[in-house]
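Proteins come first, then strands; the chains are lettered A, B, ... in the order of their sequence lines, and each starts at number 1. Basis for what follows: all heavy atoms, side chains included, without hydrogens, waters or symmetry-related copies.
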Amino acid sequence: MNEISRHIQASNIGGTAEYYRYPEEVREEFIQTEGIEFRDGSRVTAAEVWDYLTNVGPVKFPNLYDNSNLYTGRLSRDVTLPFTLKHNYLLMTMHERMTKAKAQGHPIVFVQGGQSVDPYYAAGAIALRPASTGIWARRQREGLTRNQDELEGQREKQKAYNAISFEVCNSAGYEHIQEGNVPADMVAPYTALRCSDVSYGTEAHRHGPRREDVKLLLVDYPLDHQKDKDWAIRYFADNLRRLTRNIDSLTGRTTTEDDLAREIKLHNEGRRLSVEIADLWWSAANPPTNGKDRRDLFQLGGMEVHGDPVASLSILREAKAYIEKRVRQDHKTQGVQDNAARLFVCGSCVFPNDYRCEEAGGIIVGNDNHWSDITTIVDESGEPYYELAKAVLSYPYEQPLPERAKWTVEQIRKSRTDGVLFLYKWGCNTQSAIARLLVDEIKAQAGIPTIIIEDDMTRTQTEQLQNRVNAFIEMVF
Amino acid sequence: MTLKSVEAIQRRLAGRPAELAAARAAGAKVVGFQGYSLPEELIHALGLIPIRIGLGGSDRLVELGGRYISTKNCVYVRETVGLFADDTDPYITNSDVFAFDATCLQTFRTAEVVEYYFKKTVFIIGVPRNFYLDEANTYFAAELSNFVSRLEEFAGTKLTEANLAASIALYNQIRAEIVAIYDYQATQHPRISWEQVFDVIQAGYVLDRQEYLGLLQALHGELAAGQGEAVIGRTDDDEARIFISGSVIPPGDKKLISIISELGGRIVGDDLWSGLIPYVEVDIKEPTIEAIAWAYLHRTPHGALPYLDLATDGRIARLKSLIGTFKADGVIYHTLRYCDPYTFKAKETKDILEQIGIPLLELHTEYAGSDVEAIRTRVEAFIEMIKLKTETEIAA
């Protein structure tokens with residue numbers, strides 16, 4: 001019996017599905033690891049995390065413990081990496097933690113993915129992107145199987161389709177916010193090109209049932225060589241100031257430049273840690289983690305997924321030491337095949353099932369979405385609004401195509417990628433528009449195979465997506 | 001009904017490609033452009049020839065464009081790219097450089113694709129989403145100044161206040177004539193239809209602007225001579241006065257317009273950015289780039305520029321006002337597939353108009369002919385419903 005199968009213990013929670021349980025034999029080692037610090041000064045010990053994951057979680061959220069390899073969000077089996085357990089704990093406790101933070105006076109602000117959240121936290125708010133609002137909404141429903149949970153999710157999404165359009169890909173959290181599942185106080189994303197639907201989706205909130213309760217604001221992201229234009233940087237800095245002023249109107253306090261400078265410093269540490277972890281990960285002869293844990297680790301530098309940057313930073317710091325150790329020891333990760341085909345994912349939002357990619361002989365080693373913002377460090381020496389604006393307008397993902405392609409090729413080379421997947425959601429105008437252009441330029445510069453695949457938010461095409469990804473892996477392998 | 005001045009415009013339009021080629025051979029430079037927030041005045045004031053590019057209605061060009069840009073982009077964008085791939089459209093082949101603005105983000109992407117695959121020189125103008133803020137005006141003025149600098153370099157000349165003032169005056173006159181002519185199509189006994197006015201407006205995309213003004217003045221004169229002042233009102237058999245709103249209907253896209261006319265609907269107004277709306281209330285207060293920036297940002301907002309307060313949305317206010325002005329009975333809200341700026345507002349617009357008793361039919365379509373009969377059925381039912389409502393109201 002190998003490590004993976006030993007950890008899979010069938011139980012009868014919620015019906016006939018097979019459910020995962022964290023194995024008791026790793027408990028002792030795990031509870032000796034660091035606890036998690038939170039933004040409000042509270043802490044949770046590793047023992048408490050263990051207790052939650054093994055006693056509370058399986059009862060409240062059996063869907064998360066579903067053991068099917070068809071489940072993209074399946075819990076990672078890499079139980080000797082404390083990060084993965086703590087990350088899952090933070091996601092499972094989203095509802096309790098966010099409700100508590102809101103009660104402590106922190107406004108909830110909806111943002112988009114792939115953007116920095118420094119100014120929101122500087123003003124005392126909690127910035128949540130679509131995935132995080134979705135997690136919060138779903139963690140309010142207990143005792144569901146995976147199918148029940150997915151059906152509920154689809155039912156919620158349908159409300160956004162009805163209120164906006166069936167062509168809406170990103171509904172800007174409409175279904176959760178306007179239905180009152182997530183008590184957001186403000187919708188205030190950056191209007192970056194990453195997702196054009198976010199701007200129109202934000203506008204849609206003006207006719208929703210909670211339109212009187214939810215403040216709307218767009219942090220207007222200028223386009224076209226924006227980082228090279230001082231007037232564009234100043235305009236975006238003004239937008240950032242307007243953002244913090246608007247949050248201040250909710251909290252009753254005044255956000256100072258020092259507040260922002262402190263927050264930038266904290267978030268820079270997260271961004272730097274993720275970049276250092278990526279460099280370590282990519283330098284290893286064998287992938288030191290599976291693809292899912294890699295993605296979670298790299299993305300954590302965005303400091304927004306848990307709704308608590310201090311908690312994210314706390315587990316990132318610990319994770320780096322583990323990755324260093326694994327790279328030193330030439331760790332071989334369970335489930336990842338020898339000489340796996342290394343894939344890089346470009347585009348937006350869509351991701352194939354990491355576990356099934358690994359079964360097929362591949363592994364996803366990097367992605368541009370939710371990464372370009374993390375690789376952009378803010379200069380801490382200058383005027384904080386201006387420097388933050390300058391950095392944000394420098395996101396490689398948002399640059400003119402030749403520049404974006406050049407950066408992407410750099411990531412591909414560093415990660416020793418064998419093939420590139422460009423994935424986008426059905427209805428995604430701005431990423432799909434340059435899919436061919438970007439992959440043509442990558443092929444020209446890096447000389448590796450590429451494929452463009454479209455996926456559907458409703459997950460009705462998941463098998464088609466995976467089938468094509470697996471065929472691509474077979475070709476690259 | 002045939003108006004001599006409309007025929008004159010059509011003749012001039014037919015001869016324009018050859019004229020443009022001759023002008024270029026004689027040293028003139030042509031700027032092909034696309035975008036709602038791109039002030040033509042700036043191109044014209046530098047002695048360059050502005051040509052608004054883009055067509056609709058061709059499946060072939062849509063398919064061709066879709067090979068470069070995505071099939072998840074609207075057909076107008078795909079056909080624009082298709083025009084570059086095909087490289088036979090005289091306005092594409094006769095343009096020396098191209099300018100796009102970022103009002104619609106898909107237009108911004110079009111510029112990137114055109115630059116990369118077709119090796120064209122492309123100028124892009126950033127457009128603020130928060131267009132109503134003071135700082136947005138500062139940003140947009142800087143973008144326009146940057147655009148002018150690039151045009152000056154291309155033209156080999158500098159923008160002068162006198163030239164800018166002259167161009168602004170010319171365009172103000174063109175806008176005033178279009179607004180005046182537009183009223184005639186909605187009158188009780190019109191000598192010109194909305195369809196003809198729509199074509200006249202779109203002829204102005206490519207004709208020499210000074211000559212175009214003369215043609216408009218002649219048309220205005222002919223209409224005034226034939227029926228005096230334009231008094232908007234319903235004719236006796238005018239049972240379904242239709243207003244068209246929503247996504248762009250560019251030259252060449254006649255599908256929906258033909259269906260409405262064939263089924264007895266009378267189109268009397270629109271707020272399309274390929275129709276009346278760019279010419280309404282453009283208030284350039286002085287011959288400066290800053291004043292042009294302010295005027296363009298304070299026109300009726302394009303649907304691609306989000307506005308977060310429904311109660312003060314200038315686009316909605318303008319829509320309601322025009323529906324009233326042109327005495328429309330119902331709105332056909334035309335949305336192209338993947339045109340998010342207008343598609344996302346369809347239900348909201350329907351709900352708003354319902355409150356003032358105006359029915360709205362959304363038609364979500366592409367250029368393909370496969371949905372013609374489906375559209376025909378829906379338009380027919382909508383027109384019948386309006387007729388019945390009109391008859392009932394008249395009887396009451």
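Under the 4.0 Å criterion applied to side-chain N and carboxylate O atoms, Glu175(A) and Lys159(A) are not assigned as salt-bridge partners. Salt-bridge annotation for Asp371(B) and Lys255(B): present, with a side-chain N of the basic residue lying under 4.0 Å from a carboxylate O of the acidic one. Look at Glu366(B) and Arg78(B) and you find a salt bridge, because one of the NZ, NE, NH1 or NH2 atoms lies within 4.0 Å of a carboxylate O, short of that distance. Salt-bridge formation is detected for the pair Arg241(A)/Glu383(A): a Lys NZ or Arg NE/NH1/NH2 atom is positioned less than 4.0 Å from an Asp or Glu carboxylate oxygen. Ion pairing between Glu112(B) and Arg109(B) holds under the 4.0 Å rule for side-chain N and carboxylate O. Between Glu398(A) and Lys227(A) there is no salt bridge, since none of the side-chain N atoms of the basic residue sits less than 4.0 Å from a carboxylate O of the acidic one. Ion pairing of Glu362(B) with Lys350(B) is absent here, as no side-chain N (NZ or NE/NH1/NH2) approaches a carboxylate O to less than 4.0 Å. Arg242(A) has a carboxylate O that lies under 4.0 Å from a charged side-chain N of Glu135(B), or vice versa, which qualifies the two as a salt bridge.
Per-residue counts of heavy-atom pairs under 4.5 Å with chain A were compared for Ala102(B), Pro128(B), Ala311(B), Gly126(B); the largest is that of Pro128(B). Among the candidates Ile452(A), Asp440(A), Val187(A), Leu217(A), the residue making the largest number of heavy-atom pairs closer than 4.5 Å to chain B is Asp440(A). In terms of non-hydrogen atom pairs under 4.5 Å with chain A, the most contact-rich of Asp351(B), Leu133(B), Val113(B), Asp309(B) is Leu133(B). Between chain B and the residues Asp238(A), Leu218(A), Leu216(A), the most heavy-atom pairs under 4.5 angstrom are made by Leu218(A).
A cation-pi contact, defined as under 6.0 Å to the ring centre and within 45° of the axis, is absent between Arg404(A) and Tyr395(A).
Side-chain polar atoms of Asp271(B) and Ser245(B) form a donor-acceptor pair below 3.5 angstrom. Checked by atom type, the side-chain pair Tyr190(A)/Gln112(A) shows no donor-acceptor distance below 3.5 Å.
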* Passes salt bridge (charged side-chain N to carboxylate O under 4.0 Å, His left out), Lys425(A) versus Glu454(A)? Steps please. -> CA-CA 6 Å; Lys425(A) 288 266 186 236; Glu454(A) 177 181 300; over 6 Å; no

* Could you walk me through whether Leu105(B) and Asn429(A) pass side chain to side chain contact (heavy atoms under 4.5 Å, CB included), step by step? => CA-CA 8 Å; Leu105(B) 297 176; Asn429(A) 307 134; over 6 Å; no

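Proximity to chain A (any heavy atom under 4.5 Å) is shown, for Thr343(B), by both the backbone and the side chain. Contacts of Tyr116(B) with chain A are made by side-chain atoms alone, with heavy-atom separations under 4.5 Å and no backbone atom involved. Ala433(A) touches chain B through backbone and side chain together, each having a heavy atom under 4.5 Å away. Both the backbone and the side chain of Thr202(A) come within contact range of chain B, with heavy atoms under 4.5 Å apart. Neither the backbone nor the side chain of Tyr221(A) comes within contact range of chain B; no heavy atoms are under 4.5 Å apart. For Glu441(A), the parts sitting under 4.5 Å from any heavy atom of chain B are the backbone and the side chain alike. Contacts between Ala142(B) and chain A at a heavy-atom distance below 4.5 Å involve backbone atoms as well as side-chain atoms. Only the side chain of Gln106(B) comes within contact range of chain A, judged by heavy atoms closer than 4.5 Å. Heavy atoms closer than 4.5 Å to chain A are found in the side chain of Phe108(B), but not in its backbone. Contacts of Glu143(B) with chain A are made by both backbone and side-chain atoms, with heavy-atom separations under 4.5 Å. Of the atoms belonging to Ala304(B), heavy atoms from both backbone and side chain fall under 4.5 Å from chain A.
Applying a 4.5 Å heavy-atom cutoff, the residues of residues 64-73 of chain B that approach chain A are Arg67(B), Tyr68(B), Ile69(B), Ser70(B), Lys72(B), Asn73(B). Taking 4.5 Å as the heavy-atom cut-off, none of the residues of residues 345-352 of chain A approach chain B.
Applying the 6.0 Å contact sphere to CG of Asp230(A) captures more than 12 heavy atoms from other residues, nucleotides or ligands.
The aromatic rings of Trp294(B) and His298(B) sit parallel, their planes meeting at an angle under 30°, below the 60° perpendicular limit. The aromatic rings of Phe98(B) and Phe84(B) sit perpendicular, their planes meeting at an angle over 60°, well past the 30° parallel limit. The aromatic rings of Tyr76(B) and Trp273(B) lie perpendicular to each other, with more than 60° between the two planes, well past the 30° mark.
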